[in-house]
Amino acid sequence: MVDVSAKPATEREAVAEGRVVMTPKTLAIVRAGNAKKGDVLATARIAGIQAAKRTHELIPLCHPLAISQIKIDITPDAKLPGVIVTARVKVAGKTGVEMEALTAVSVACLTIYDMVKAVERGMRIEGIRLIEKRGGRSGHYRAKG
């Protein structure tokens, strides 16, 4: 692990996003909240929150962090068709939360896939990326496009 003991604790925030592309039929099931396994969006939201909190257990060499906020937004998009998952993670600490935001999005997307795979195995998880990060020595980053 990187030694962060000499770094000052600062407010840090990261935003990540990803998409699950599916057929309009599958999206209708997700939107209605009546998949056989239950409410897909609510379950994926909780899975994303849990994943962010456990990132240090999943990704080697990540520091365990006392996260102050995790917000998961899952937006159905008929034009895609599918859902867009966004995670915003905040911490007051010595290291950033980019990995926590990316892990939250990844696990939320995987949860969506798992909950409706019986309806459609050909769904695609794509576009998982860091959108923005604030705080720390490297300052502010915002993805282009």
Side-chain angles (χ1 to χ4, degrees), residues 1-2 4 7 10-145:
M1 290 174 71
V2 174
V4 296
K7 293 171 76 175
T10 60
E11 293 292 322
R12 297 160 186 264
E13 179 178 13
V15 180
E17 76 170 13
R19 296 181 298 279
V20 183
V21 181
M22 60 190 68
T23 64
K25 175 187 167 193
T26 304
L27 180 57
I29 291 167
V30 169
R31 276 188 150 150
N34 61 3
K36 287 185 181 179
K37 286 190 171 186
D39 185 336
V40 175
L41 301 180
T43 304
R45 199 171 281 113
I46 295 298
I49 291 167
Q50 288 179 323
K53 292 167 64 174
R54 299 185 77 174
T55 299
H56 69 282
E57 296 174 18
L58 301 169
I59 308 295
L61 308 180
C62 279
H63 291 85
L65 300 175
I67 296 171
S68 56
Q69 182 186 36
I70 304 165
K71 184 177 180 198
I72 308 290
D73 290 317
I74 305 173
T75 308
D77 185 342
K79 288 183 258 173
L80 198 53
V83 295
I84 300 168
V85 178
T86 305
R88 179 178 302 273
V89 182
K90 292 182 180 180
V91 70
K94 297 180 177 204
T95 187
V97 286
E98 296 97 308
M99 293 308 300
E100 287 72 12
L102 289 163
T103 301
V105 165
S106 299
V107 171
C109 288
L110 287 166
T111 299
I112 293 164
Y113 183 94
D114 178 61
M115 291 191 72
V116 289
K117 70 180 182 266
V119 176
E120 180 185 350
R121 298 234 182 241
M123 288 177 288
R124 291 187 325 271
I125 296 171
E126 59 184 39
I128 295 173
R129 66 186 183 132
L130 181 68
I131 297 297
E132 186 173 16
K133 78 140 220 91
R134 296 179 185 272
R137 184 174 45 205
S138 63
H140 184 242
Y141 164 81
R142 178 126 184 120
K144 295 180 173 120

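- In summary, R88 and D73 do not engage in a salt bridge, as defined by a charged side-chain N under 4.0 Å from a carboxylate O.
- Checking E100 against H56 by side-chain atom types alone, no donor-acceptor pair falls below 3.5 Å.
- Residues L110 and D114 are not in side-chain contact: their nearest non-hydrogen atoms beyond the backbone lie 4.5 Å or more apart.
- Contact check for I131 versus R142: side-chain heavy atoms found under the 4.5 Å cut-off.
- Smallest separation of non-hydrogen atoms from V105 and G18: CG1-N, 3.4 Å.
- Y113 OH to R124 CZ: the interatomic distance, rounded to the nearest 0.5 Å, is 12.0 Å.
- The closest side-chain heavy-atom distance from K117 to K37 is below 4.5 Å.
- To the nearest 0.5 Å, the span separating SG on C62 from CZ on R54 amounts to 14.0 Å.
- What you find for L58 and T103 is that their closest heavy atoms are CD1-CG2, 4.0 Å.
- When all heavy atoms of M22 and V20 are compared, the pair lying nearest together is CE-CG1, 3.7 Å.
- Rounding to the nearest 0.5 angstrom, the gap separating the CD1 atom in I74 from the CG atom in L41 is 5.5 Å.
- The shortest side-chain heavy-atom distance between V85 and I112 falls under the 4.5 Å cut-off.
- No donor-acceptor distance shorter than 3.5 angstrom exists from the side chain of R12 to the backbone of V91, with no hydrogens or angles considered.
- Judged by distance alone, the side chain of E98 and the main-chain N or O of K133 form no donor-acceptor pair under 3.5 Å.
- The structure places CE of M99 at 7.5 Å from OG1 of T55, a figure rounded to the nearest 0.5 Å.
- Without hydrogens or angle criteria, K7 side chain to K94 main chain gives a donor-acceptor distance under 3.5 Å.
- T75 places none of its side-chain heavy atoms less than 4.5 Å from the side chain of T86.
- In plain terms, the two heavy atoms of L102 and R129 that are nearest each other are CD2-C, 3.5 Å.
- Side-chain contact between P76 and L27 is present, with at least one heavy-atom pair separated by less than 4.5 Å.
- Between R45 atom CZ and D39 atom CG the span is 8.0 Å, to the nearest 0.5 Å.
- Side chain of K36 to backbone of M115: no donor-acceptor contact under 3.5 angstrom is found.
- When atom types are taken as modelled, the side chain of S68 and the backbone of K90 share a donor-acceptor pair closer than 3.5 angstrom.
- With rounding to the nearest 0.5 Å, the separation of NZ in K71 from CD1 in I49 is 11.0 Å.
- The shortest non-hydrogen separation linking V119 to T26 is CG1-OG1, 3.6 Å.
- Closest non-hydrogen pair, A104 versus A87, comes out as CB-CB, 3.8 Å.
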Would you check, one step at a time, whether the test side-chain contact (heavy atoms from CB on, under 4.5 Å) holds for K53 with I70? CA-CA 9 Å; K53 292 167 64 174; I70 304 165; 3.6 Å; yes
